[in-house]
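So the structure is just underneath, and the comments pick up after that.
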Amino acid sequence: MSGLVVAMDGPSGSGKSSASKGVARALGLRYLDTGAMYRAVTWWMLQRGVNLEDPAEIAARSGEPTLTMSTDPDAPGVAVDGVDVSGPIRGAEVTGAVSAVSAVPEVRRRLVAMQREIIAESLPHGGIVVEGRDIGTVVAPDAPVKIYLTASAEARAQRRTAELDGTTIEAQKAAMARRDALDSTRKTDPLTKAADAVELDTTPLDLDEVIAEVLRLVKERT
Ligand code: DC
């Protein structure tokens, strides 16, 4: 029996995480947050004092941390070497450093291999919703449903500002523009829309409307 894979790509603040979890819950599928994996490796590198300005050092250490992912959409999480880092990986320090770590090909190779294993394990259980930047293009190019979520810069910054303490919309806009530029221009697996992905602009939609639209696309394509 083969399960369903739903690939959800797009920039931060496009509404990917909430929508992906909601779709997984509605369909009884597993859920994988691949951004959390890049963040967890970044957290580990910061803890170990790895020089993040040196891609060769990042590459050399990239095989050391052991990640454990929870794929329950009601209790997603990530542990590094047995330590739950689901909270710390959302901090400003990791957010500011993750683009440098996720640009290193050795890091990507290792995490993409892990992501494919997690997807394969999910298939006998119905399948999985996978969110990230390169799911439809690299990690699961055969996924039958690929969605590319976008939103205006203003809407994305507003959503992020509501999630975080002590920041402003203007500061979030600047931080997101910087991270988008780094994530879309890196040499290995940059953020791009897959040719066969459906683009969904979430700017005028609330969460329930985004979930309903994705569920409609899933129905149409399966
Ligand atoms: O979705 P997020 O903001 O938690 O992702 C954190 C960073 O990880 C993001 O800046 C780019 C990187 N990332 C990636 O390169 N590939 C993915 N599939 C997911 C995230």
Side-chain angles (χ1 to χ4, degrees), residues 5-21 31-46 52 55 58-59 62 65 67 69-71 73 76-78 80 85-119 128-141 143 146-151 153 155-157 159-164 167 172-194 197 202:
V5 178
V6 181
M8 301 274 281
D9 289 302
S12 55
S14 57
K16 269 187 329 260
S17 292
S18 308
S20 299
K21 279 181 267 195
Y31 159 73
L32 179 63
D33 176 1
T34 61
M37 299 171 77
Y38 290 95
R39 287 173 178 273
V41 171
T42 303
W43 176 87
W44 182 91
M45 298 224 169
L46 288 167
L52 298 187
I58 296 174
S62 63
L67 304 192
M69 303 304 298
S70 160
T71 57
V78 51
V80 184
V85 294
S86 307
I89 61 167
R90 304 289 161 196
E93 204 189 356
V94 169
T95 301
V98 65
S99 291
V101 174
S102 61
V104 175
E106 286 77 2
V107 172
R108 305 201 69 81
R109 207 173 301 138
R110 181 162 183 263
L111 293 187
V112 167
M114 258 190 87
Q115 290 154 14
R116 289 184 178 148
E117 273 174 33
I118 293 170
I119 292 170
I128 190 161
V129 180
V130 188
E131 68 148 297
R133 304 289 192 288
D134 60 344
I135 310 308
T137 51
V138 176
V139 176
K146 298 183 186 178
I147 319 271
Y148 189 84
L149 295 181
T150 61
R156 293 169 54 207
R159 288 172 188 162
R160 262 295 140 99
T161 308
E163 280 166 17
L164 302 169
T167 185
Q172 278 312 303
K173 251 196 200 162
M176 284 176 147
R178 174 183 166 271
R179 199 144 66 90
D180 283 354
L182 291 170
D183 294 343
S184 324
T185 57
R186 67 173 177 235
K187 285 209 184 76
T188 311
D189 309 341
L191 168 66
T192 44
K193 175 178 163 297
T202 67

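Read the numbers this way: they start at 1 and go in the same order the structure lists the ligands and their atoms.
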Next item on the list: Please write down residue, atom name and distance for the protein heavy atom closest to atom 4 (O) of ligand 1.
Entry: Arg39 NE, 2.7 Å

Item checked: Atom indices of ligand 1, in the order listed, that fall short of 4.0 Å to a heavy atom of Ser99 -> 10 (O)

Notebook entry, point to check: Under the criterion side-chain contact (heavy atoms from CB on, under 4.5 Å), which of Val41, Val107, Thr42 is the partner of Ile58?
Noted result: Val107

Note to self: Around atom CZ of Arg178, are there more than 12 heavy atoms from other residues, nucleotides or ligands closer than 6.0 Å?
What the structure shows: no

Checklist line | Side chain, backbone, both or neither: the part of Met37 lying under 4.0 Å from ligand 1 by heavy atom | finding: neither

Next item on the list: Around atom 18 (N) of ligand 1, find the nearest protein heavy atom and jot down its residue, atom name and distance.
Entry: Asp134 OD1, 2.8 Å

Notebook entry, point to check: Taking both backbone and side-chain atoms of Arg160, is any N or O found less than 3.5 Å from an N or O belonging to ligand 1?
Noted result: no

Margin query: Among all the protein's non-hydrogen atoms, which is closest to atom 20 (C) of ligand 1, and how far away is it?
Written below: Gly35 CA, 3.5 Å

Next item on the list: Find out whether Val6 and Tyr31 are in side-chain contact, i.e. whether some heavy atom of one side chain is under 4.5 Å from a heavy atom of the other.
Entry: no

Item checked: Non-hydrogen atom of Arg108 closer than 4.0 Å to ligand 1 -> yes

Note to self: Please confirm whether Arg178 approaches ligand 1 to less than 4.0 Å, judged on its heavy atoms.
What the structure shows: no

Check: Counting from 1, what ligand 1 atoms have a heavy atom of Arg90 closer than 4.0 Å?
Finding: 4 (O)

Check: At what distance is the nearest protein heavy atom to atom 12 (C) of ligand 1, and which residue and atom is it?
Finding: Ser102 OG, 3.6 Å

Check: If you measure from CG on Leu67 to OH on Tyr38, what distance do you get to the nearest 0.5 Å?
Finding: 10.5 Å

Check: Can you list the atoms of ligand 1 that are under 4.0 Å from a heavy atom of Gly132?
Finding: 18 (N), 19 (C)

Margin query: List ligand 1 atoms under 4.0 Å from Asp183, heavy atoms only on the residue side.
Written below: 9 (C), 10 (O), 11 (C)

Next item on the list: Return a yes/no value for Tyr38: is any of its N or O atoms, backbone included, closer than 3.5 angstrom to an N or O of ligand 1?
Entry: no

Check: Do we see a donor-acceptor contact under 3.5 Å between the side chains of Gln172 and Thr167?
Finding: yes

Notebook entry, point to check: Are the charged groups of Arg186 and Asp134 less than 4.0 angstrom apart, N to O?
Noted result: no

Note to self: Using side-chain heavy atoms (C-beta onward) and a distance below 4.5 Å, is Met45 in contact with Ser62?
What the structure shows: yes

Margin query: Given Arg133, Lys16, Met176, identify the one with the heavy atom nearest to atom 2 (P) of ligand 1.
Written below: Arg133

Notebook entry, point to check: With only distance considered, is Thr34 within less than 3.5 Å of ligand 1 through an N or O on each side?
Noted result: yes

Note to self: Tell me the contacting part of Arg186 for ligand 1: side chain, backbone, both, or neither, using a 4.0 Å heavy-atom threshold, strictly below.
What the structure shows: side chain

Notebook entry, point to check: Is any side-chain heavy atom of Thr150 less than 4.5 Å from a side-chain heavy atom of Ser14?
Noted result: no

Item checked: For Arg110, all residues meeting side-chain hydrogen bond (donor to acceptor under 3.5 Å, both in side chains), sequence neighbours excluded -> none

Next item on the list: Go through the side-chain N and O atoms of Thr95 and Arg160 and say whether any donor and acceptor fall under 3.5 Å apart.
Entry: no

Note to self: If I apply the N/O under 3.5 Å rule, does Ser12 come out as touching ligand 1?
What the structure shows: no

Checklist line | Any side-chain heavy-atom pair of Ser12 and Met176 under 4.5 Å | finding: yes

